Number of protein chains: 4
Amino acid sequence: MIKASIIGATGYVGLELIRLLASHPDIELASLASQSYAGRRIEAVYPSLRGCVSKEICAPDAGAIGKNSDVVFTALPHGASGEVMPLLASAGCRIIDMSGDFRYDDPQVYEKWYGQPQPAPEIANQFVFGLPELHRKKIKKTRHVANPGCYTTASILALAPLLKAGLIQPDSITIDAKSGVSGAGRKPSQANHFPETDGNFKAYNPIAHRHTSEIEQELSHAAGQPIQLGFTPHLLPVKRGILATCYARLADRPDEAAFQKAYADMYADEAFITVNPHGDLPELKHVVGSNFVRIGYILDERLSRVLVVSCIDNLIKGAAGQAVQNMNLLFGLPEGTGLMSPAWYL
Amino acid sequence: MIKASIIGATGYVGLELIRLLASHPDIELASLASQSYAGRRIEAVYPSLRGCVSKEICAPDAGAIGKNSDVVFTALPHGASGEVMPLLASAGCRIIDMSGDFRYDDPQVYEKWYGQPQPAPEIANQFVFGLPELHRKKIKKTRHVANPGCYTTASILALAPLLKAGLIQPDSITIDAKSGVSGAGRKPSQANHFPETDGNFKAYNPIAHRHTSEIEQELSHAAGQPIQLGFTPHLLPVKRGILATCYARLADRPDEAAFQKAYADMYADEAFITVNPHGDLPELKHVVGSNFVRIGYILDERLSRVLVVSCIDNLIKGAAGQAVQNMNLLFGLPEGTGLMSPAWYL
Amino acid sequence: MIKASIIGATGYVGLELIRLLASHPDIELASLASQSYAGRRIEAVYPSLRGCVSKEICAPDAGAIGKNSDVVFTALPHGASGEVMPLLASAGCRIIDMSGDFRYDDPQVYEKWYGQPQPAPEIANQFVFGLPELHRKKIKKTRHVANPGCYTTASILALAPLLKAGLIQPDSITIDAKSGVSGAGRKPSQANHFPETDGNFKAYNPIAHRHTSEIEQELSHAAGQPIQLGFTPHLLPVKRGILATCYARLADRPDEAAFQKAYADMYADEAFITVNPHGDLPELKHVVGSNFVRIGYILDERLSRVLVVSCIDNLIKGAAGQAVQNMNLLFGLPEGTGLMSPAWYL
Amino acid sequence: MIKASIIGATGYVGLELIRLLASHPDIELASLASQSYAGRRIEAVYPSLRGCVSKEICAPDAGAIGKNSDVVFTALPHGASGEVMPLLASAGCRIIDMSGDFRYDDPQVYEKWYGQPQPAPEIANQFVFGLPELHRKKIKKTRHVANPGCYTTASILALAPLLKAGLIQPDSITIDAKSGVSGAGRKPSQANHFPETDGNFKAYNPIAHRHTSEIEQELSHAAGQPIQLGFTPHLLPVKRGILATCYARLADRPDEAAFQKAYADMYADEAFITVNPHGDLPELKHVVGSNFVRIGYILDERLSRVLVVSCIDNLIKGAAGQAVQNMNLLFGLPEGTGLMSPAWYL
């Protein structure tokens with residue numbers, strides 16, 4: 001049994017990790033750590049776990065946790081890595097980090113979008129960008145994984161095949177993304193107070209959301225040239241799920257078969273990605289509760305554009321599920337172990 | 001024009017007061033006061049008001065506000081009256097207080113349920129319990145009004161006619177009430193964080209909610225004998241509205257006509273109360289957005305019980321609308337002025 | 001008093017018309033007509049109206065209704081005009097039609113997007129496209145009004161000033177629009193069954209929604225050249241409201257002042273349109289329940305693009321409210337009569 | 001591997017059965033049958049299943065399905081059993097029926113509450129009421145199971161221990177229950193059209209809901225005397241979950257330890273039932289997505305009453321999950337196989 005721990009166990013990503021790891025056949029939960037809840041029991045914080053998981057929450061003592069764990073999931077605010085990561089790394093465990101701290105090829109890009117220098121630069125190069133569908137080989141060989149952002153995962157997977165195949169104009173991309181409120185985390189705020197959010201809808205952080213830079217980095221790789229794109233996140237009055245509507249101009253005449261082929265070339269063997277037939281667009285309820293990515297597209301001949309819609313569960317494929325998928329790769333387990341449940345639909 | 005001010009203008013009840021007063025033909029908004037937002041403009045706090053209401057928020061200087069106002073609505077936490085009310089009262093304005101501070105005949109009942117002595121006892125007797133359908137005459141003659149609680153209004157109006165007519169057993173009452181989240185106010189909390197509330201439902205404060213004591217006080221008057229009853233509030237994942245399901249044993253054989261008569265005797269001339277035909281129960285959407293109270297009931301012959309369902313909008317008939325109704329009474333205006341809009345339904 | 005009737009009174013737009021007309025000071029409700037509910041009372045179909053509106057629903061006999069009315073609002077499915085409109089027109093009343101039947105300059109565009117010939121061509125030229133902010137003068141002089149679509153209203157008002165001022169590239173427009181479910185009408189369907197819609201989100205009718213053609217017609221006028229654009233509607237799990245996120249490339253270097261001027265030139269005197277300061281984007285709750293349009297925008301220097309967000313209540317400014325605004329113009333009343341209530345916010 | 005089939009596979013209970021059975025280690029899905037969808041693929045009807053379950057839907061030919069299955073789950077409207085069940089029974093498979101048809105000891109009670117004679121009386125006595133926590137021994141020995149209703153499960157489990165221990169007055173019970181909309185099934189209706197349900201709340205079917213009779217039957221067994229009680233269902237604007245608030249008068253002085261013991265005596269070894277400490281009431285989100293039952297209670301000394309709150313997921317412990325639990329018992333598998341996932345919380 002692999003001993004897995006979570007630092008930041010009481011946030012929403014922590015809870016999803018617990019949920020997934022509790023039913024993972026090869027995992028034993030070692031430590032659940034949280035600054036604010038140390039000493040309480042996890043099933044008192046989340047009574048939904050009663051009868052399934054019972055454990056005392058410990059303080060986030062990275063050195064000790066690293067020593068008693070084979071793998072540690074860190075679900076901390078960005079920037080917190082500076083102190084924690086070196087301790088974990090030198091304790092010998094594997095790390096799967098949910099923050100943005102180690103997702104960048106170029107620390108200057110991090111610094112520009114996060115407004116602070118990249119923490120723990122001495123171990124940054126041990127981290128691989130953990131999108132298995134694009135970087136599986138590198139993940140299998142690395143020690144630590146920087147788990148991608150939620151918007152990032154939905155957006156990159158929608159567009160990478162099209163850029164790689166040269167089917168869309170690289171400077172024409174607009175991503176209009178919509179996320180459920182759990183993406184903002186567990187901490188209450190005026191903006192996410194129920195009476196303010198229910199029945200509401202809004203764009204936020206336009207032109208400046210940090211995930212823009214992650215998407216650009218990865219799509220630049222796919223396109224083989226630097227890419228800049230427009231990304232606008234919106235807040236849906238739902239708990240979970242991300243739907244990204246992506247727009248681009250066609251590089252050439254509309255050619256359905258070429259699009260189908262581009263997606264098949266990259267995803268035909270992927271367990272978690274399904275691409276719908278032309279014109280059939282996925283909905284949030286086709287993914288919520290699961291680790292699946294659903295992609296659909298439609299060619300607009302009149303305007304010579306394409307519309308791609310991509311959906312994920314922000315807490316699963318956009319965070320905890322992808323982290324477990326990465327863990328499976330790190331430890332040589334079948335990639336889908338513990339992750340094959342279908343979406344809830346209701 | 002009557003000069004009306006609000007102390008505590010930026011909370012949800014404050015916002016509803018502004019909305020109602022802004023379209024009231026006899027009202028001029030004098031001061032909008034708030035501790036935390038003084039100096040900002042109300043339409044910046046609530047952009048929904050842009051183009052309709054434009055005013056700078058002032059500090060809650062009760063003396064000054066009292067002097068420049070004919071009536072002041074106080075929407076403050078209970079207990080805050082100690083400082084504010086004497087200043088307002090001596091400034092000569094009328095007061096309509098939204099808190100529990102002056103709703104009690106007996107200050108000891110207040111002290112027992114609120115855990116602190118009733119503030120400003122020297123002016124307490126100038127306040128009348130502001131449920132117009134029960135106390136219209138007294139309200140018209142008083143200076144100040146203690147506006148009833150939201151659960152209170154729904155519950156009392158459902159049962160008072162039945163107790164007055166002796167149709168139910170006074171010791172058999174159970175009220176299972178459900179409220180929208182705006183009843184908990186504008187301040188964010190873990191419990192009312194959108195991802196915690198959406199899709200959820202729960203009872204809270206069972207057997208100990210303060211409104212129990214208000215309901216008992218008023219229903220004791222209606223029954224002509226002291227009444228104790230069970231009251232359990234629940235939190236609905238909706239923004240607005242209260243639905244109270246009330247249960248009682250029949251005093252006698254089931255008699256539909258007697259029930260109809262009991263309601264008609266009290267409410268036949270009431271503009272804001274509609275009583276449905278036997279067996280036709282009202283729904284939240286029949287009242288949300290309006291000052292109306294909808295009541296329905298069904299006699300259960302098999303068990304010799306009655307079920308009464310009563311619905312109000314917690315922010316309107318349960319707070320701001322009732323306050324305006326009381327203001328109309330205080331100033332000799334037609335009682336329904338500014339309040340006759342139908343519910344939104346959608 | 002102006003005698004106003006509604007044909008199609010029991011749908012959601014009909015209900016909103018009743019709500020608005022019931023509190024309009026110059027209106028008397030003449031006939032409420034509905035095929036399926038004739039003979040029932042409107043307050044039995046919508047108990048939210050009890051105590052406010054009480055009227056028997058009549059059959060949709062256009063000739064008779066036209067004769068006893070000064071103005072008739074027709075809220076019927078598109079294509080139904082063929083029979084009804086000539087009867088109404090020859091009865092001498094004014095008509096405000098909520099369908100798409102008379103919105104087009106060119107009947108061939110109608111035929112192309114609606115898949116059927118434009119009905120009642122003999123009276124089509126008596127209808128003016130009823131967007132007061134663009135066509136006020138013509139509306140004041142006409143007999144009949146073709147009330148614009150909901151998506152249409154939000155989209156056109158967001159972009160017309162920018163095209164007129166030449167600030168954006170006319171072939172670069174993408175509109176990603178999101179609507180509440182009431183836009184789909186009152187008739188139940190699998191797609192809008194509560195358990196299928198709550199917590200869900202999806203795009204629908206991509207590249208083929210009929211409102212595309214209306215938006216293109218009006219923005220072509222504004223631009224002074226033919227415009228084609230991308231328009232994708234999405235379904236929000238909320239009851240009411242439309243938010244349109246509009247993307248375009250800048251024609252020139254980003255110039256905040258020029259954008260402000262473009263909006264001010266067209267909307268400075270408009271009672272129902274508010275334009276936010278640069279970077280401040282409106283939310284659905286800033287408009288729901290009101291006839292207001294809120295517009296915000298942000299210039300993206302990095303990509304040389306602009307993002308415009310526009311919000312309306314789909315049933316009010318997007319249907320019933322705009323219809324009443326048009327009625328006010330037709331009858332020479334102050335344009336805002338009965339329409340100045342602020343949004344609900346909650 | 002046990003071959004399991006579902007007749008009525010495309011309804012919401014059918015979908016939940018598929019979801020649970022697909023991840024059950026001992027099950028192979030044999031036939032998915034549906035009248036209206038025969039010939040289509042299940043993953044086209046529910047795209048949430050893509051990548052997990054892929055199967056053509058067959059016609060509901062009970063004889064053939066019975067022959068190729070070890071167990072058949074029937075999720076059909078009540079009354080449909082007349083034709084289907086004898087065919088299944090004689091084909092030799094086990095049956096787990098989700099309808100009310102075989103839940104009654106006394107066919108006359110069925111006839112009274114369902115308004116029609118009990119179908120297939122010749123095989124009725126082969127069915128056991130499938131509430132494992134009350135009837136485990138009998139279920140293990142029977143061939144067929146009548147799976148209890150959703151309200152039924154929540155209500156019976158809340159109160160049976162208290163009646164068995166004589167702690168409450170048997171004639172004093174009131175159950176105020178609230179259910180999510182999925183309980184009404186997949187078929188769209190005006191009442192459950194999203195714009196009618198979102199933000200709404202209502203009681204329905206008061207004093208006449210069929211589950212009343214099931215609850216009375218089982219609680220009479222627990223009490224050892226015939227019981228009649230009040231049961232009022234309400235419709236919550238959520239997709240899933242039932243919360244039952246139960247009221248009763250105490251038989252004796254309030255005695256916390258006696259209540260704790262009563263629950264422990266019956267449920268201490270139950271995997272799916274957790275009883276909270278006195279005063280700690282469960283919420284919907286503590287169970288939704290799981291097969292768990294959460295129970296909490298509070299003694300009201302002032303009124304000599306008790307309040308019990310019980311929560312389940314209506315589609316899991318209230319239907320599909322309990323059915324799988326029963327299947328595990330029928331086939332001698334560990335009772336929790338495939339059912340131990342914690343609730344989703346979000």
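Just so it is clear, the model here is predicted, and its values are computed rather than measured. Here is how names work: the chains are called A, B, and so on, in the same order as the sequence lines, proteins then strands, and each is numbered from 1. Every heavy atom of this structure was used, including side-chain atoms; hydrogens, water molecules and symmetry mates were not.
There is no contact between I273(D) and chain A, counting heavy-atom distances below 4.5 Å. For a residue to count as touching a neighbouring chain, one of its non-hydrogen atoms must lie under 4.5 Å from one of that chain's; by this rule S290(A) does not touch chain D. Contacts between S23(D) and chain A at a heavy-atom distance below 4.5 Å are absent for every atom of the residue. Using a 4.5 Å cut-off between heavy atoms, L315(D) touches chain A through its side chain atoms alone. Proximity to chain A involves both the backbone and the side chain of R50(D), based on heavy atoms less than 4.5 angstrom apart. Only the side chain of L15(A) comes within less than 4.5 Å of a heavy atom in chain D; its backbone stays farther off. Within the 4.5 angstrom heavy-atom criterion, only side-chain atoms of K239(A), from C-beta onward, approach chain D. Within the 4.5 angstrom heavy-atom criterion, only side-chain atoms of E16(A), from C-beta onward, approach chain D.
Shown are D280(D), V309(D), L307(D), V275(D); of these, the side chain to side chain contact (heavy atoms under 4.5 Å, CB included) with Y297(D) is made only by V275(D). Of the residues listed (L235(D), T245(D), I242(D)), the one engaging K178(D) in a side chain to side chain contact (heavy atoms under 4.5 Å, CB included) is T245(D), and it is the only one.
Between P132(A) and E270(A) the shortest side-chain heavy-atom distance does not fall below 4.5 Å. I316(D) has its side chain within reach of R240(D): a pair of non-hydrogen atoms, C-beta onward, lies under 4.5 Å apart. Contact check for I7(A) versus F73(A): no side-chain heavy atoms found under the 4.5 Å cut-off. When side chains are defined from C-beta on, H24(D) counts as touching L333(D), because their heavy atoms get closer than 4.5 Å.
A salt bridge does not link K317(D) to D313(D): none of the charged side-chain nitrogens sits closer than 4.0 Å to a carboxylate oxygen.
Top candidate by heavy-atom pairs under 4.5 Å with chain A, chosen from Y345(D), W344(D), Y12(D), F272(D), is W344(D). The residue among S182(D), A271(D), S48(D), G199(D) with the most heavy atom pairs within less than 4.5 Å of chain A is S48(D). In terms of non-hydrogen atom pairs under 4.5 Å with chain D, the most contact-rich of V287(A), N276(A), V288(A) is N276(A).
Closest approach of P148(A) and T153(A) over heavy atoms only: CB-OG1, 3.7 Å.
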